[in-house]
> 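Please read through the structure below; I'll follow up with questions.
Computed from a predicted structure; not experimentally measured.
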Amino acid sequence: MDKVKISIIGSCVSREAFTTVNNPEYKRMYQIGPVAFQTSIVSFLSNQVNEGLIDLPEELSEYKKGVLTTDIYKSAVTQMIEYKPDYLIIDLYADVRYGIVRAGETFITNNPSTLRKTTFYKEKKHDYHIHSNNKFNEYFPIFKKKFAEFMEWKNQNLPNTKIIVNKFRYTKEYMKNNKLYEFDLSKYPYLEKENENFAIIETYLEETYTELRFINNLNAEYIGDGNHPYGITPWHLEKAYQENVMHEMNKIALIDFIENENKE
């Protein structure tokens, strides 16, 4: 049996399930292909940025430069078409948490770890930016239009690929040294609002696109990982969350396998 081919448009809430730290046996069944890490759905199929328009700050690591260039040059689009994943997993983290920047005829993910470090952003060479927190009524119509384009692109270029939306929520608590702590909400005043935005968008997708699959992480209250290698935040979730993502993914893959076997 061939391994199940996976691609991801999303963040650590999806990608980290496919690591040996969180799910040691995942490579026995899954093969990870192109990943558009921390790229928003709005940005993914927007036009490429003209080369040289956006600088690559020296302070960025090579990894973060890769995240930025993937987002602005949209290189993962062609890579995914060539790879032809069985499943393309998406999450809404970058769309909701980061928002978007308009630059000429394109949209870029407004990533604080990459784009906002550039001279391009600091000198306000972009047209405008929209965040789901304070301009959701402006952002949501753009998202709807871009998601429709995304589904059309998928149907034309990846007709056999199934799209999975990974549903998650921020947490208000984390565990460190066997002690439970609460996040200082003065540092994260947007948690409730953005969790609401996740729910609104997910409901829209469920009602509009019946062909979508969903990984449901809303069946339990997951907490943050106090030892997370990239920092303690409301979206760096505990190992139990990552295990549930894999459990839900396994169920989807198994059901599809059985259905395909029965057809044959």
> Can you see whether N250 engages Y30 through a side-chain donor-acceptor pair at a distance of less than 3.5 angstrom?
yes
> Less than 6.0 angstrom from the centroid, inside 45 degrees of the normal: does K144 satisfy that with respect to the ring of F140?
yes
> Give a yes or no answer on whether the side chain of D91 reaches the backbone of Y93 with a donor-acceptor pair at less than 3.5 Å.
yes
> Quick one, I232 and F183 - any side-chain contact, counting heavy atoms below 4.5 Å?
yes
> Could you check whether atom CD of E211 has more than 12 heavy atoms from other residues, nucleotides or ligands sitting under 6.0 Å from it?
yes
> Following the transitive rule for hydrophobic clusters with a side-chain heavy-atom cut-off under 4.5 Å over Ile, Leu, Val, Met, Phe, Trp and Tyr, establish whether V42 and Y73 coincide in one cluster.
no
> With distance as the sole criterion, is a donor-acceptor pair present between the side chains of D95 and Y139 under 3.5 Å?
yes
> F257 versus V4: any side-chain heavy-atom pair under 4.5 Å?
no
> Under 3.5 Å, side chain of S132 to main-chain N/O of V96, donor-acceptor pair present?
yes
> Classify the angle between the aromatic ring planes of F107 and Y128 as parallel (below 30°), tilted (30 to 60°) or perpendicular (above 60°).
perpendicular
> Return the CZ to NE2 distance between F120 and H126, rounded to the nearest 0.5 Å.
7.0 Å
> Could you give the distance from CZ (R116) to CG (L68), rounded to the nearest 0.5 Å?
13.0 Å
> Side chains of Y170 and Y188: does their closest heavy-atom pair fall under 4.5 Å?
no
> Could you tell me whether the side chain of K84 reaches within less than 4.5 Å of the side chain of L158, counting heavy atoms only?
yes
> Strictly distance-based, threshold 3.5 Å: is any side-chain N or O of T19 a donor or acceptor partner for the main-chain N or O of E16?
yes
> With a 4.5 Å cut-off on side-chain heavy-atom distances among I, L, V, M, F, W and Y, is there a chain of contacts connecting M29 to Y83?
no
> Could you tell me how the ring of F37 sits relative to the ring of Y63: parallel (under 30°), tilted (30 to 60°) or perpendicular (over 60°)?
tilted
> So, does N195 use its side chain to make a donor-acceptor pair with the main chain of R169 at under 3.5 Å?
no
> If hydrophobic clusters are built by linking Ile, Leu, Val, Met, Phe, Trp and Tyr wherever their side-chain heavy atoms come under 4.5 Å apart, do I41 and V101 end up in the same one?
no
> Apply side chain to side chain contact (heavy atoms under 4.5 Å, CB included) to I32 and R15, showing your working.
CA-CA 9 Å; I32 301 298; R15 179 63 181 92; 4.1 Å; yes
> What closest approach, in Å, do T171 and Y222 show between heavy atoms, and which atom pair accounts for it?
OG1-O, 3.0 Å
> With no hydrogens and no angle check, is any side-chain donor or acceptor of T69 less than 3.5 Å from a backbone partner on G66?
yes
> Would a 4.5 Å heavy-atom cut-off, applied to side chains only, mark Q79 and T70 as touching?
no
> Let me confirm one number: the CZ-CD1 distance from R102 to I142, rounded to the nearest 0.5 Å.
7.5 Å
> Could you walk me through whether K146 and F44 pass side chain to side chain contact (heavy atoms under 4.5 Å, CB included), step by step?
CA-CA 9 Å; K146 284 297 181 181; F44 181 72; over 6 Å; no
> Closer than 4.0 angstrom, basic N to acidic O: yes or no for K167 and E206?
yes
> Is it the case that T109 and N111 place a side-chain donor and acceptor less than 3.5 Å from each other?
no
> Whether the side chain of D55 engages the backbone of T119 through a donor-acceptor N/O pair (distance < 3.5 Å, no angle test) should be reported.
yes
> Can you confirm whether or not the ring centre of F147 sits under 6.0 Å from the ring centre of Y204?
no
> Under the side chain to side chain contact (heavy atoms under 4.5 Å, CB included) rule, what do E59 and K117 come out as? Steps first, then yes or no, please.
CA-CA 8 Å; E59 67 184 277; K117 306 289 187 184; 3.7 Å; yes
> Could you check whether any side-chain heavy atom of Y190 comes within less than 4.5 Å of a side-chain heavy atom of H131, counting everything from C-beta outward?
no
> Using 0.5 Å steps for rounding, measure from the CE atom of M246 to the CG atom of N22.
9.0 Å
> Taking atom types as modelled, find out whether N133 and E194 have a side-chain donor-acceptor pair closer than 3.5 angstrom.
yes
> Can you name the closest pair of heavy atoms from I8 and S14 and give their distance?
CG2-CB, 4.1 Å
> Without swapping roles, check the side chain of K74 against the backbone of D71 for a donor-acceptor pair under 3.5 Å.
yes
> Quick check for you: to the nearest 0.5 Å, what is the distance between F168 atom CZ and S11 atom OG?
5.5 Å
> Specify the closest pair of heavy atoms between K154 and I163, including all atoms of both residues, with the distance to one decimal.
CG-CD1, 3.8 Å
> Please report the closest heavy-atom contact between A17 and N23, naming both atoms and the distance.
O-ND2, 2.8 Å
> May I ask you to check whether N47 and E105 show a side-chain donor-acceptor distance below 3.5 Å?
no
> For D256, give me all partners under side-chain contact (heavy atoms from CB on, under 4.5 Å), at least two apart in sequence or on another chain.
Y87, K162, R213, I252, E259
> Identify the heavy atoms of P85 and T161 that sit nearest to each other, and give their distance.
O-OG1, 2.5 Å
> If hydrophobic clusters are built by linking Ile, Leu, Val, Met, Phe, Trp and Tyr wherever their side-chain heavy atoms come under 4.5 Å apart, do I100 and I201 end up in the same one?
yes
> Between CG of D86 and NZ of K3, what distance do you get to the nearest 0.5 Å?
13.0 Å
> If you apply the rule side chain to side chain contact (heavy atoms under 4.5 Å, CB included), what do you find for L205 with F143, and how did you get there?
CA-CA 11 Å; L205 294 179; F143 176 88; 4.1 Å; yes
> Mark yes when over 12 heavy atoms from residues, nucleotides or ligands other than K5 sit less than 6.0 Å from its NZ; otherwise mark no.
yes
> Decide salt bridge (charged side-chain N to carboxylate O under 4.0 Å, His left out) for E221 and K172; before the verdict, give the C-alpha distance in whole Å, the side-chain angles of both, and the deciding distance to 0.1 Å.
CA-CA 10 Å; E221 294 287 337; K172 294 181 179 179; over 6 Å; no
> Decide yes or no for N227 and K176: does some side-chain heavy atom of the first lie under 4.5 Å from some side-chain heavy atom of the second?
yes
> Heavy-atom distance under 4.5 Å between the side chains of Y174 and H236, does that happen here?
no
> What heavy-atom pair brings I108 and L115 nearest, and what distance separates the two atoms?
CG2-CD2, 4.0 Å
> For K193, look at atom NZ and say whether over 12 heavy atoms of other residues, nucleotides or ligands are found less than 6.0 Å away.
yes
> Is there a path of hydrophobic side-chain contacts, each under 4.5 Å between heavy atoms of I/L/V/M/F/W/Y residues, joining F198 to I223?
no
